[in-house]
Each structure stands twice: as structure tokens, then as C-alpha cells.
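Structure first, then comments.
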Amino acid sequence: MRAKPLTTPRLTRPAPGGCLHSRPWAGAASEIPARPLAVAAPLCLGPMATPSELTTRPAISSHRRGVVHRWTQTLIPTTREAPNDAEVPSHVLLHRAGFIRQVGAGIYDYLPLAWRTLRKLEDIIREELDAAGASELLMPALEPFELFAGTKRDETYGDNLFRVKDRKGRMNALAPTHEEVITQLMIGCVNSYKQLPLNLYQIQTKFRDEARPRAGLLRCREFIMKDAYSFHMNVEGVGGLNDTYDAMYRAYTNIFTRCGLDFSAVEAESGPIGGSASHEFMVNCVSGEDTVLKCPISGYAANVEKCEIGARPTPSKGYFVGEPSGPLEEIHTPDCPGIDDVCKLLKVKPQHMLKSVLFKVKSTPEQLAKFGEEYILAVVRGDHDVNEGKVKALSGCTDIELADPAEAIKKGYAIGFVSPRAAVGKKGVLMLVDRDAAIAFDDTSNKPKFWVTGGDKKDYHVKHFNWHRDLGKDATLATPHAPETHGSGGLKGGDQYLMVGDVRNALEGDPSPRDASAKLVTGRGIEVGHIFKLGTKYSEAMGLSIMDDKQQKRPVIMGCYGIGVSRTMAACVEMSHDTDGIIWPVALSPYHVVITPIKHDDPAQRDATHKLAHELSAQGVDVLIDDRDERPGPKFKDADLIGVPVRITFGEKSLAEGAAEFKRRGAAGKGENIKLPDLVDKIMSALAS
RNA sequence: CAGGGUGUAGCUCAGCUUGGUAGAGCGUGUGGUUUGGGUCCACAAGGUCGCAGGUUCGAAUCCUGUCACCCUGACCA
């Protein structure tokens with residue numbers, strides 16, 4: 001279950017002691033003697049405490065007493081069938097097991113079971129972040145809109161930002177994240193370098209007006225998130241951003257490890273939030289919506305947006321060099337703008353297609369005056385996908401977007417049927433050709449490379465495209481760019497400009513960028529954590545500058561660190577369930593043990609149940625007693641469904657023999673009979689393993 | 001935002017084509033029965049058929065509009 005971090009950035013400080021083995025339900029109980037019960041409590045409710053008991057209760061105590069709850073006294077609305085709307089396993093099971101109910105699109109109630117799990121997760125997060133030197137605070141979910149306008153995030157966030165008009169007609173925002181608020185706070189509170197570094201976090205409800213909420217708790221419009229922000233005068237050195245970033249990396253590793261999640265830490269693009277470096281923490285899960293790539297030898301791991309591709313073999317004759325595979329032949333391909341359609345029609349494989357994707361550079365007026373309209377044409381093999389981040393990096397142009405089809409058609413680009421030739425004879429077009437596309441002689445078959453590509457007019461494609469012959473220019477003059485010189489190019493005006501490099505998404509089997517002998521492997525994941533080196537984006541935009549020891553005013557360097565709390569709960573279910581229901585890791589299960597008396601009315605069974613419950617709670621174990629007047633069938637089914645790690649069954653027969661049935665959730669078979677005196681030890685060791 | 005789908009009882013769904021007293025299973029309540037993997041029997045409660053217009057003597061059903069929710073894509077710190 002446990003994942004090792006796949007990359008390990010500067011581990012300059014050992015992980016906080018005790019983090020990994022601290023288990024609140026077991027550790028505390030074994031170190032500190034259980035406080036004896038003042039009165040033998042026949043039921044979980046127990047007698048009301050007397051005033052003197054309350055005043056003698058220690059204000060400082062590290063002893064964690066478990067809870068004992070009765071099914072009939074809490075709300076666990078399990079259902080046999082899930083609503084029609086639920087499709088993904090976590091949504092179906094969290095609904096059926098009575099954890100959540102949908103209120104609206106991407107809006108959910110967290111019922112008692114869910115809330116218990118979420119609070120356990122939050123407590124783990126708090127312990128690890130506090131140990132890493134962060135302090136918790138709470139900022140409002142509702143914010144004046146001007147704060148977002150100040151950093152232009154009202155625009156960059158666009159419709160994803162919830163807007164709320166108040167009674168005075170003023171605009172407010174429901175915060176999707178809190179960079180602005182905390183930066184504003186720091187402006188008012190911190191004015192000397194001596195007060196830094198600082199690392200502050202909160203666990204708050206966040207709001208994002210997602211274009212399409214989906215998959216239950218995995219993509220919501222309202223969700224629970226832990227967000228942390230750190231503030232520094234420098235990147236390197238003691239108290240620098242890198243120190244805190246690394247500490248947070250370790251804290252995240254501890255958190256997800258303690259949760260019992262199978263996860264990977266992968267390199268990631270930092271996205272619209274800005275910044276220079278970032279890692280995503282992904283729960284490994286086949287149903288995840290993100291693709292991650294890993295190098296099995298070096299440990300390098302990255303998401304598909306970020307993943308570099310190692311050195312690919314250079315064609316023996318060089319890029320673009322080679323004789324045509326035949327005379328250029330134009331073919332009528334009506335209604336086939338897509339690669340798949342053409343392949344089907346012409347019976348060629350996508351590997352023999354060239355795909356040309358047109359990007360528009362968002363030019364400033366000055367650039368426009370200098371270069372005119374500017375486009376970037378990215379060419380990749382038909383079975384590959386263009387990677388926008390790599391296009392930006394190779395072109396050196398960070399402000400691009402997919403060209404608007406209508407506009408591009410006006411400019412003479414036959415969108416859907418564009419070939420590399422489209423860039424010939426046009427002003428201000430930069431062509432970027434992926435290494436796998438810039439080939440004219442196929443070394444593997446020892447034959448001229450056969451290419452099919454667009455015909456540059458609607459409903460036509462061409463066969464036997466040859467770079468040298470058909471480009472009308474000497475393509476071999478193009479300079480191949482090694483991955484490490486990304487960004488050294490630049491947008492050039494003029495007639496035609498061509499670069500060769502890595503502009504596609506990495507795929508399974510591509511060479512690892514960190515080990516020449518290794519090939520990348522792919523996996524799916526659900527993003528549950530993300531850490532960024534923000535830099536000075538917000539401090540500069542909002543004017544958070546403070547005096548350093550040289551009496552120089554400098555913008556504060558920031559980091560930010562998020563964990564999707566409610567999403568993590570759902571991701572855990574995605575990762576760990578079977579046909580009967582959820583299988584919680586001990587650390588996140590709403591209860592550790594469910595006790596199922598076959599007949600709760602039977603005095604012997606009831607007494608045994610409550611005796612065990614109190615023995616366990618004194619050890620810090622959270623116990624749920626299924627005291628419902630139900631037949632055994634539904635009770636067992638529900639216990640499996642809600643996924644509590646251990647079930648103890650008290651029945652007439654076994655009890656007569658002085659035993660109870662012990663069953664571990666997810667284990668095969670019927671469970672085993674355990675003698676009553678051995679029961680607590682058996683349970684404790686099961687929970688500890 | 002584009003494409004597709006669905007709105008009828010707490011949940012799953014039938015009824016709509018061809019307009020005429022709103023149905024089933026599960027769940028719920030009561031009584032009995034049963035008690036180690038979703039017992040069995042009986043009775044009962046529960047629905048302005050998403051909403052608003054329209055057509056009609058009469059609309060869950062036909063027409064128009066609208067809203068909500070889901071799926072695929074676009075999008076996504």
C-alpha cells in the first residue's frame with residue numbers, strides 16, 4: 001500500500017521525528033495508562049459526568065480515548081442501490097454507504113461517517129504540518145472582489161470564480177484559493193525580514209464554478225481544501241523557499257503515507273497560478289483522470305503535461321534528409337479532418353501521418369507592428385499529441401493559444417487539413433517539428449519514410465509527403481534543439497522559421513530523460529496534493545515587499561501548498577474498494593471496529609458487545625455498535641459496505657463457547673473465532689498491521 | 001461552451017408511441033414469522049408526474065419555452 005516518493009528533492013533536514021510511526025489510536029494508548037472509567041457504563045452513552053469529574057479532567061492530555069457510537073443513534077443511511085447519477089465507484093459507494101448526499105451539481109452533504117473520515121484526515125494533516133513548522137489560521141471564504149481584480153485573477157480564473165453580489169450591489173468572490181487574502185494579510189502584519197520565514201495554512205471550504213463538475217467528490221464546485229502559503233526573503237539557504245518546499249514535500253509524503261494511500265509524487269507544471277517548480281501528489285489508481293509517467297530506474301516521475309522525453313535516436317542521415325517515398329499524390333478525403341477518419345479511409349496507420357496544430361501568439365501591439373500576425377505551427381506524428389507547454393518552451397513564447405478555426409481559415413489555413421507546407425510563404429509563422437516527425441528516412445525499415453499529411457485545402461490529404469522536396473525550402477538547415485536548450489529559440493519574423501525538438505506528450509516506452517537505458521512507463525492517478533514555488537508573482541502584484549538586512553526593500557518570495565481534503569477521501573475509495581463496498585485504511589476509517597451482535601436484544605450478546613466496546617475505546621479505538629434490530633444479512637452487508645477495517649460478531653453459538661468472530665474487511669473467508677480474553681489483543685494487533 | 005441523455009413515490013424504474021381514475025420492486029410503518037450473509041406473509045402510508053405556458057371536454061402522455069441533473073469533449077490552482 002505504501003508508496004515511496006519517486007523523486008526526492010534536496011532532503012536537507014531529516015523528516016520530523018515520530019511522524020511516520022505516530023498512530024494516535026495505538027501509540028498514545030500504549031504509552032499512557034488508560035484513565036479508568038469512573039462508573040461502569042452499561043451503554044455507550046455512559047452516565048453523565050459529575051461536576052467534580054469535569055473539573056479534575058486534565059486540561060493537557062495526550063491520551064486519546066476512542067468513541068463508542070451506536071448505529072441507531074447516528075445517521076448512516078445505507079442504500080441497496082445508488083442514484084442513477086452516480087457512476088464512478090467512489091461516488092456510488094460513498095452514497096450507498098451513507099457518507100454523502102448530493103445537494104446540487106458538485107455540492108454535497110458530508111454525513112457523520114464522511115465527517116469522521118474527513119476529520120481524521122485533517123488531524124493527520126495538522127500534525128504533520130505543525131511538525132513541519134507551519135501554523136494554522138482561518139481566512140474567510142467570502143472576499144471582496146477587488147482583491148482578485150488586483151492580481152488580474154478575476155480574468156485568469158474567469159468563469160471558475162464564483163461571484164456574489166451583496167445587498168449594496170458590491171461584488172464579492174467565493175474564494176477558490178487564498179493567495180490574495182494572505183498576501184494582503186502579510187502586508188499589514190510583516191515588515192521585517194526578521195519575521196520570516198513563515199508558513200501558514202488553513203483547512204477551508206473552497207469554491208470553484210467548474211465548467212463541468214463530475215465524478216462525485218472528485219471534481220466539485222464546493223470542496224474542502226488545505227492550503228498553505230510560505231514567505232521568504234530568499235530561495236536558497238537557511239529560511240529560504242527551498243527549505244520550506246522540501247519540508248512540505250516531506251510533510252506531504254508523511255501525510256499520504258500515514259493515510260495508507262498508494263501514491264506517487266510527480267513533477268508538474270505549475271499552471272496558471274504561476275511559479276517555477278512544482279510537484280503533484282497523485283493517488284495511484286487505474287480510474288484516475290491524470291496520466292503520470294515514471295522512469296523505473298532513476299525514479300523520475302512527472303505528469304503528462306510536464307514529462308520530458310529522453311534523447312531519441314537521431315536519424316542516421318539527419319533530420320529531414322531522405323528521398324521521397326513516391327510522387328506527391330493528392331487524395332480526396334471528404335469530411336475527414338481527424339486523423340482517425342483519414343487513417344480508416346486511406347488504410348494507413350497514424351504513425352504515418354503528420355499532424356499539424358496551429359497556435360496563435362497573443363501578440364502585443366508592438367509585436368504586431370514588428371512581425372505582423374504570428375502563428376506557431378506544431379507538427380507531430382499522427383499518433384502523438386502536441387504538448388502546449390513544450391511548444392511554449394521551445395518557441396520561447398509563453399503566451400499562446402490554440403488558433404481560432406474561423407480566423408485561421410481566413411488566413412489561409414485549411415484547419416483540419418493543414419500540412420507543414422502551410423507554413424511556407426507565410427509571414428510570421430514559426431514551425432516546430434517534433435523529432436519523430438522530422439524524419440525522411442526510416443532507419444527501422446531502411447526505406448524512405450512514407451508520410452500522409454493534410455492537403456492544405458478542405459477535404460484533401462496528400463500521400464508521399466517529403467520534407468525536403470515538399471517544403472519548398474531547405475529544411476535540413478533547421479537546427480535541432482536538444483531538450484536542455486528549450487527556450488533558447490525565439491519567435492522570429494520573416495518568411496519561414498523552423499525548429500526541431502520535443503513538442504509532444506511523452507508516451508509509455510519513450511526513453512527516460514534521466515537514465516539512457518530506461519523506458520518510461522505510464523500510470524493513472526488522482527491529484528490530491530500540489531506544491532508550488534510561487535516566487536514573487538503575488539508579492540509583486542500586491543506590493544508585499546519588506547526590508548532585508550541590507551536595508552533593501554525586496555518582494556517576498558512565496559510558496560503555496562494544497563491538499564484536496566474531500567477529494568482525498570474519494571480518491572481513497574477509488575483506490576481501495578471491492579464489490580461489497582469500501583475498504584478503508586485504518587487511519588481514515590470513520591470507525592476502527594464495528595461490533596455486530598446478531599441479536600442486540602439478547603442480554604449476553606449486548607453485554608459482551610458493550611464490554612468489548614469500552615475496552616477498545618480505552619485503548620483509543622473508535623467503535624461502532626450495530627444495535628439495529630435487523631437480521632444478520634443486512635448487518636453484514638452494511639458493515640462491508642461502510643468499509644470499517646475490523647468486524648466483531650457476537651452470536652449465540654460462539655458466545656456460548658466463550659468466543660466471538662473476528663473478521664478483517666477485505667479478507668477472504670468467513671473470519672475466525674477468537675476466545676474472548678484474546679479478543680482485544682487480536683484487534684489491536686490487526687489494527688496496527 | 002459543443003454534442004448526447006434523463007427528469008414519474010426516499011431509491012431503481014415501468015406507463016408516454018395511440019390523451020381518459022398514476023403503477024411495480026426495493027425501502028418505510030403496523031402485526032405476525034424468522035434470526036450467522038439483504039427471511040416469509042398480511043395490511044398500510046407515500047407522488048402538484050421538474051416548472052411555466054399552449055392544444056383539448058380532458059395532458060404524465062401532444063406542442064412551445066424554461067430549469068435541473070448526468071455523460072463525452074473543451075476547460076481544470
Side-chain angles (χ1 to χ4, degrees), chain A residues 77-88 91-92 95-96 98 101-107 148 151 153 156-161 175-180 206-216 218-221 223 225-229 268-275 278-280 289-290 303 305 338 388 401-402 404-405 527-534 537-538 559-564 567 580-581 596-602 605 626 628-641 647-655 659-661 663 669-671 673:
Chain A
T78 58
T79 63
R80 205 189 288 228
E81 281 170 300
N84 203 0
D85 288 347
E87 287 207 345
V88 297
H91 190 186
V92 169
H95 179 101
R96 285 195 51 214
R101 284 295 183 270
Q102 182 165 7
V103 176
I107 310 172
F148 283 94
T151 54
R153 281 221 294 173
T156 53
Y157 241 92
D159 290 336
N160 272 9
L161 188 63
T177 171
H178 280 75
E179 281 81 4
E180 285 85 358
K206 292 287 198 291
F207 298 87
R208 284 180 204 174
D209 197 357
E210 291 285 347
R212 188 151 94 76
R214 71 181 95 178
L218 289 173
R219 174 154 252 102
C220 280
R221 295 196 298 166
F223 55 98
M225 176 169 161
K226 186 285 301 177
D227 49 327
Y229 307 90
E269 291 285 344
S270 47
I273 199 163
S278 109
H279 284 86
E280 283 175 353
E289 64 178 346
D290 298 315
N303 68 16
E305 284 76 32
E388 196 172 317
E401 63 185 356
L402 215 52
D404 175 62
E527 181 192 350
V528 290
H530 204 157
I531 56 178
F532 303 86
K533 295 182 185 175
L534 260 185
K537 177 178 163 139
Y538 290 91
C560 79
Y561 319 89
I563 291 178
R567 178 187 279 186
D580 291 320
T596 308
I598 296 293
K599 276 198 225 170
H600 189 255
D601 285 350
D602 178 72
Q605 292 182 30
D626 191 350
R628 293 175 299 171
D629 183 20
E630 279 286 354
R631 293 173 50 81
K635 288 191 177 192
F636 293 149
K637 285 287 183 192
D638 278 349
D640 288 346
L641 186 57
R647 190 188 80 210
I648 302 298
T649 308
F650 284 112
E652 210 169 345
K653 271 180 237 159
S654 56
L655 207 48
E661 188 202 87
K663 187 162 193 308
K670 274 284 185 183
N673 272 336

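A, B, ... follow the sequence lines: proteins, then strands. Residue 1 opens every chain.
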Separation of A:L161 atom CG from B:C75 atom C1', in whole Å?
15 Å
Atom P, compared across B:G20 and B:G25: separation rounded to whole Å:
23 Å
Please give, in whole Å, the distance from B:G38 C1' to A:D580 CG?
12 Å
So what does A:Y561 hit on the nucleic acid, given a heavy-atom distance under 4.0 Å: a base, only sugar-phosphate, or nothing?
nothing
Separation of B:U39 P from A:K599 NZ (nearest whole Å):
16 Å
The criterion is side chain to side chain donor-acceptor pair (under 3.5 Å); which residues satisfy it with A:R219, sequence neighbours excluded?
A:E210, A:E289
Consider the side chain of A:R96, meaning its heavy atoms from C-beta on, and name the nucleotide among B:G38, B:C76, B:G37 that approaches it most closely.
B:G38
Find the partner of B:G19: check Watson-Crick (N1-N3 plus N6-O4 or O6-N4) and G-U wobble (N1-O2, O6-N3) distances, both under 3.5 Å, and reply none if neither fits.
none
Identify each atom pair where a protein N or O and an N or O of nucleotides 24-28 of chain B are less than 3.5 Å apart, giving names and distance.
unit_1, atom_1, unit_2, atom_2, d
B:G27, OP1, A:R80, NH2, 3.4

Checking N1-N3 plus N6-O4 or O6-N4 for Watson-Crick, or N1-O2 and O6-N3 for wobble, each under 3.5 Å, the partner of B:G47 is none
With a non-hydrogen cut-off below 4.0 angstrom, is A:T596 in contact with a base, only sugar-phosphate, or nothing?
nothing
Roughly how many Å apart are B:C49 and B:C16, using the C1' atom of each and rounding to a whole number?
11 Å
Measuring only the P atom in each nucleotide, how far is B:A59 from B:C51? A whole number of Å is fine.
15 Å
Tell me the interatomic distance from A:L641, atom CG, to B:G37, atom C1', rounded to whole angstroms.
14 Å
With C1' as the reference atom in both, quote the distance from B:C26 to B:C71 in angstrom, rounded to an integer.
26 Å
Remember a base hit wins even if backbone is also touched, and classify A:K670 as base, sugar-phosphate or nothing at under 4.0 Å, heavy atoms.
base
Once you apply the 3.5 Å cut-off to both distances, tell me the Watson-Crick or G-U wobble partner of B:A68, or none.
B:U6
Scan nucleotides 67-72 of chain B nucleotide by nucleotide, 5' to 3', and note B when protein non-hydrogen atoms come under 4.0 Å of the base, S if they reach only the sugar-phosphate, - if neither.
--SSBB
Please report the distance separating the C1' of B:G31 from the corresponding atom of B:G53, rounded so that it comes out in whole Å.
49 Å
What is the base-pairing partner of B:C1, counting Watson-Crick and G-U wobble geometry with both distances under 3.5 Å?
B:G73
Identify whether any heavy atom of A:P83 sits under 4.0 Å from a base atom; if not, whether one sits that close to sugar-phosphate; answer base, sugar-phosphate or nothing.
sugar-phosphate
Is there a side-chain contact between A:P83 and A:Q102 in this structure, where contact means two heavy atoms from C-beta onward sitting under 4.5 Å apart?
no
The Watson-Crick or G-U wobble partner of B:A14, with both key distances under 3.5 Å, is none
Checking all strands, does A:R101 fall into the base, sugar-phosphate, or nothing category for heavy-atom contacts under 4.0 angstrom?
nothing
